[in-house]
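One structure is given here, and the rest of the page talks about it.
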Amino acid sequence: MASSQRVEILANCGIEKIPKEYIRPKQELKSIGDIFVEEQSNDGPQVPIIDLEAINSDDEEARKKCHEEVKKAAMEWGVMHLINHGVAEEVINRVKIAGQEFFNLPMEEKEKYANDQEAGNLQGYGSKLANNASGQLEWEDYFFHCVFPEEKRDLSIWPKNPDNYIAATSEYAKQLRTLTTKILSILSTGLGLEQGRLEKEVGGMEDLILQMKINYYPKCPQPELALGVEAHTDVSALTFILHNMVPGLQLFYEGKWVTAKCVPNSIIMHIGDTIEILSNGKYKSILHRGLVNREKVRISWAVFCEPPKEKIILKPLPETVSEAAPPRFPERTFAQHIAEKLFRKGGEEDGDEKQTK
């Protein structure tokens, strides 16, 4: 991809109006407001904050309460702020600094890691190519790579600069993988299954893949016309998100867009389509999007926990199906699910259907 298509270059060249490819459809523009004003508002429903301190507590009552809160948030929202999550604050700070330093590098240095989307290679540094009939683009650049299991990583495309990038990101991925097991265990027992069932169904320690996407949203001269990332649901089992405390995430909840607060020392967790399918819709994969602003660069670190593409058939687990709750999703592989979502894209109304990450 030519670097002239990088959003960062566009944002830094002094334009006052954004190119038409970045302007959202009219029906969507009505719902795009000032993200800073919306983040300060306490009106209406708020994304739940779940304290995981008692997740493994010896106090049975405290542990049960913690597990119930996770389950309730997964069923009602499909997204939550996790606090006291067990991932070391020092590790989180290191991974954030390393990512910010990569995006602060000169463009020619970043371009050394450019991906080749047209050849199907998404790993590396990139910007979205228009992939629907409208030619719509998003106001973001990104860096995408597999971070776990270690043997499935391709370190040749990981940034060598800053020099602590690999160590910081690897340690974060390891700690996040431990948290993933704990969350999947809670969600399993919440469905009346044995603790390890969902973990096994999504690939287990060997085959569940953690893919990190660092999203870089430059300042936008017309934020009321653009989106950093369009409305979608994640195809993953779970998604974990860090950010640089600049608001932008919105969730489509009860027919309205709700802005996620910036909660210090938290990790945002989404239930993805994979868990929604396995649970036959008992856990929700919520539609969400990213807004941009004209004052501050926003960076987020999303880690998608994904099952293997072909090995596992995704379908509602037998225990979640009954006469009263027939299967809501067809049987398909993870690869087929992604392809189906891509195929459906383009002709959808905002908020109507689920799209890809």
Nearest non-hydrogen partners of Ala260 and Glu39, listed with the distance
O-CG, 3.8 Å
Looking at Lys110 and Asp141, does any basic side-chain N land under 4.0 Å from a carboxylate oxygen?
no
With sequence neighbours left out, write down each residue that passes salt bridge (charged side-chain N to carboxylate O under 4.0 Å, His left out) with Glu90, or none if nothing qualifies.
Arg94
Taking all atoms of both residues into account, what is the closest heavy-atom pair of Met212 and Val95, and its distance?
CE-CG2, 4.4 Å
Do the side chains of Ile267 and Trp301 get nearer than 4.5 Å, heavy atoms only?
no
Salt bridge present between Glu206 and Lys152 (N-O < 4.0 angstrom):
no
Is Glu230 salt-bridged to Arg24, going by a charged N under 4.0 Å from an acidic O?
yes
Any chance the side chains of Asp116 and Asn121 put a donor and an acceptor closer than 3.5 Å?
no
Salt-bridged, Lys72 to Glu68, with N to O below 4.0 Å?
no
Is the shortest distance from a Lys or Arg side-chain nitrogen in Glu150 or Lys174 to a carboxylate oxygen in the other one below 4.0 Å?
yes
Is the count of non-hydrogen atoms from other residues, nucleotides or ligands lying under 6.0 Å from Lys282 atom NZ greater than 12?
yes
For Glu151, which residues count as a side chain to side chain contact (heavy atoms under 4.5 Å, CB included) partner, sequence neighbours excluded?
Pro149
Taking atom NE2 of His288 and atom NE2 of His270, what is their separation to the nearest 0.5 Å?
4.0 Å
Does Glu224 form a salt bridge (charged side-chain N to carboxylate O under 4.0 Å, His left out) with Arg294? I'd like the steps, not just the answer.
CA-CA 9 Å; Glu224 69 283 0; Arg294 57 167 55 86; 3.6 Å; yes
Side chains of Thr189 and Lys71: is there a donor and an acceptor less than 3.5 Å apart?
no
Consider ring pair (Phe, Tyr, Trp, His ring centres under 6.0 Å). Of Tyr125, Tyr113, Phe102, Tyr165, which one does His145 pass it with?
Tyr165
Whether the side chain of His67 engages the backbone of Ile55 through a donor-acceptor N/O pair (distance < 3.5 Å, no angle test) should be reported.
yes
Looking at side-chain heavy atoms only, is the closest gap between Ser170 and Trp158 below 4.5 Å?
yes
Take a 6.0 Å sphere around NZ of Lys200 and say whether it holds more than 12 heavy atoms from other residues, nucleotides or ligands.
no
Could you check whether any side-chain N or O of Gln136 sits under 3.5 Å from a backbone N or O of Ile23, counting only pairs where one atom can act as donor and the other as acceptor?
yes
What residues form a side chain to side chain contact (heavy atoms under 4.5 Å, CB included) with Glu69, not counting sequence neighbours?
Ile50, Lys65
